[in-house]
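Nothing fancy with the numbering, it's 1 onward along the sequence.
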Amino acid sequence: MKIVVAAFYADIVGQPSRFDEFLPLILASRYALSMTNPKAAYLILTDYTTARLLEEHSVDHVAIAPEHMPLMSKIIFAQKEFMKKCDADIIVLPDIDCVANRDLSDATPHYTGMAITHRGKKFDYHVNNLAY
């Protein structure tokens, strides 16, 4: 089963970079995923400017978001475009501060290919904002 966890991070144009604040979260999330789901891929969806910062730290990324959009629009655009191109069995689109603390292969119902922040019997998901 191919699993891809694709979080989004980009600096806000015209504001000071917060990359140094978020890099430890990115690295912790990547490490946690390697422990709980060793075969899963972790990458960051981003814009072209922020991609250069990620390259300096050997963080896998996809520079897919346009520079000119407001941040929330960038996130939605990047996720939509990534979903069109990704051929994984399960795609998880977490917030940047979420970590995988369980096996993701059984975190969603068998008929679902994308994990979002639902939890409980209504959705039959074992996924939430605190633990993917």
Side-chain angles (χ1 to χ4, degrees):
M1 173 177 288
K2 183 176 179 183
I3 300 172
V4 174
V5 175
F8 183 90
Y9 176 79
D11 282 326
I12 298 172
V13 177
Q15 293 190 15
S17 175
R18 294 181 64 194
F19 182 75
D20 290 339
E21 179 183 340
F22 284 94
L23 180 61
L25 299 173
I26 292 168
L27 298 177
S29 294
R30 182 176 66 179
Y31 178 74
L33 186 68
S34 73
M35 296 283 91
T36 59
N37 297 265
K39 294 181 182 178
Y42 181 83
L43 58 92
I44 300 296
L45 304 177
T46 192
D47 60 22
Y48 298 98
T49 300
T50 307
R52 290 189 288 263
L53 298 172
L54 294 163
E55 287 170 2
E56 292 175 18
H57 296 278
S58 302
V59 174
D60 291 337
H61 61 278
V62 176
I64 197 169
E67 304 292 322
H68 66 279
M69 288 183 172
L71 184 61
M72 187 54 71
S73 298
K74 279 185 186 186
I75 295 168
I76 294 166
F77 179 89
Q79 290 175 338
K80 177 186 73 142
E81 292 302 309
F82 183 72
M83 291 290 295
K84 287 182 189 176
K85 299 174 183 177
C86 186
D87 65 349
D89 299 306
I90 296 176
I91 301 170
V92 182
L93 302 171
D95 288 333
I96 200 75
D97 60 350
C98 293
V99 298
N101 68 356
R102 62 171 293 141
D103 180 359
L104 294 172
S105 66
D106 67 358
T108 62
H110 69 281
Y111 51 83
T112 304
M114 183 181 92
I116 52 179
T117 56
H118 292 303
R119 184 172 181 217
K121 292 184 183 288
K122 179 178 178 184
F123 298 103
D124 195 27
Y125 280 55
H126 305 286
V127 177
N128 61 49
N129 275 332
L130 300 176
Y132 281 93

> Is there side-chain contact between T36 and D103, with heavy atoms separated by less than 4.5 Å?
Replying inline: no
>> salt bridge (Lys or Arg N to Asp or Glu O under 4.0 Å), that's the test. Do E81 and K84 meet it? Break it down for me.
In response: CA-CA 5 Å; E81 292 302 309; K84 287 182 189 176; 3.0 Å; yes
> Does L71 reach the side chain of F8, with side-chain heavy atoms less than 4.5 Å apart?
Replying inline: yes
>> Side chains of I91 and M83, heavy atoms from C-beta outward: is any pair under 4.5 Å?
In response: yes
> Atom OG in S58, atom CG in L27: separation rounded to 0.5 Å?
Replying inline: 10.0 Å
> Is the closest side-chain heavy-atom distance between V99 and R30 below 4.5 Å?
Replying inline: no
>> Is there a ring pair (Phe, Tyr, Trp, His ring centres under 6.0 Å) between F19 and H57? Walk through the geometry before answering.
In response: CA-CA 11 Å; F19 182 75; H57 296 278; 5.6 Å; yes
>> Any non-hydrogen side-chain atom of V4 less than 4.5 Å from a side-chain atom of K2?
In response: yes
> Hey, any chance L33 and M1 share a hydrophobic cluster, counting ILVMFWY side chains that come within less than 4.5 Å of each other, even indirectly?
Replying inline: yes
>> What's the separation between atom CD in Q79 and atom NZ in K74, rounded to the nearest 0.5 Å?
In response: 14.0 Å
> Donor-acceptor pair, S29 side chain versus L25 backbone, under 3.5 Å?
Replying inline: yes
>> Using every non-hydrogen atom in the two residues, find where A6 and P94 come nearest and quote the distance to one decimal.
In response: O-CD, 3.7 Å
> If you group Ile, Leu, Val, Met, Phe, Trp and Tyr by side-chain heavy-atom gaps below 4.5 Å, do V59 and I96 land in one group?
Replying inline: yes
>> I'd like to know if L23 and I44 are part of one continuous hydrophobic network [Ile/Leu/Val/Met/Phe/Trp/Tyr, side-chain heavy atoms within less than 4.5 Å].
In response: yes
> Transitively linked via ILVMFWY side-chain contacts under 4.5 Å: L45 with I12?
Replying inline: yes
> Do Y42 and N37 come within less than 4.5 Å of each other through their side chains, counting heavy atoms only?
Replying inline: no
>> Minimum heavy-atom separation for E67 and V13, please, with both atom names.
In response: O-CG2, 3.5 Å
> Just how far is it from atom CD1 of I76 to atom NZ of K80, taken to the nearest 0.5 Å?
Replying inline: 10.0 Å
> Okay, side chain of D47, backbone of P66: is any donor-acceptor separation there less than 3.5 Å?
Replying inline: no
> Is there a chain of hydrophobic side chains (I, L, V, M, F, W, Y, each step under 4.5 Å between heavy atoms) that links F22 to Y48?
Replying inline: no
> Donor-acceptor pair, T46 side chain versus A63 backbone, under 3.5 Å?
Replying inline: no
> Charged N to carboxylate O below 4.0 Å: is that the case for R18 and E21?
Replying inline: yes
>> Applying side chain to side chain donor-acceptor pair (under 3.5 Å) to T50 and D11, what does each step give before you reach the verdict?
In response: CA-CA 6 Å; T50 307; D11 282 326; 4.5 Å; no
> Are any of the side-chain heavy atoms of V92 and L104 separated by less than 4.5 Å?
Replying inline: yes
>> If you compare all heavy atoms of A65 against all heavy atoms of F77, which two are closest, and at what distance to 0.1 Å?
In response: CA-CD2, 4.2 Å
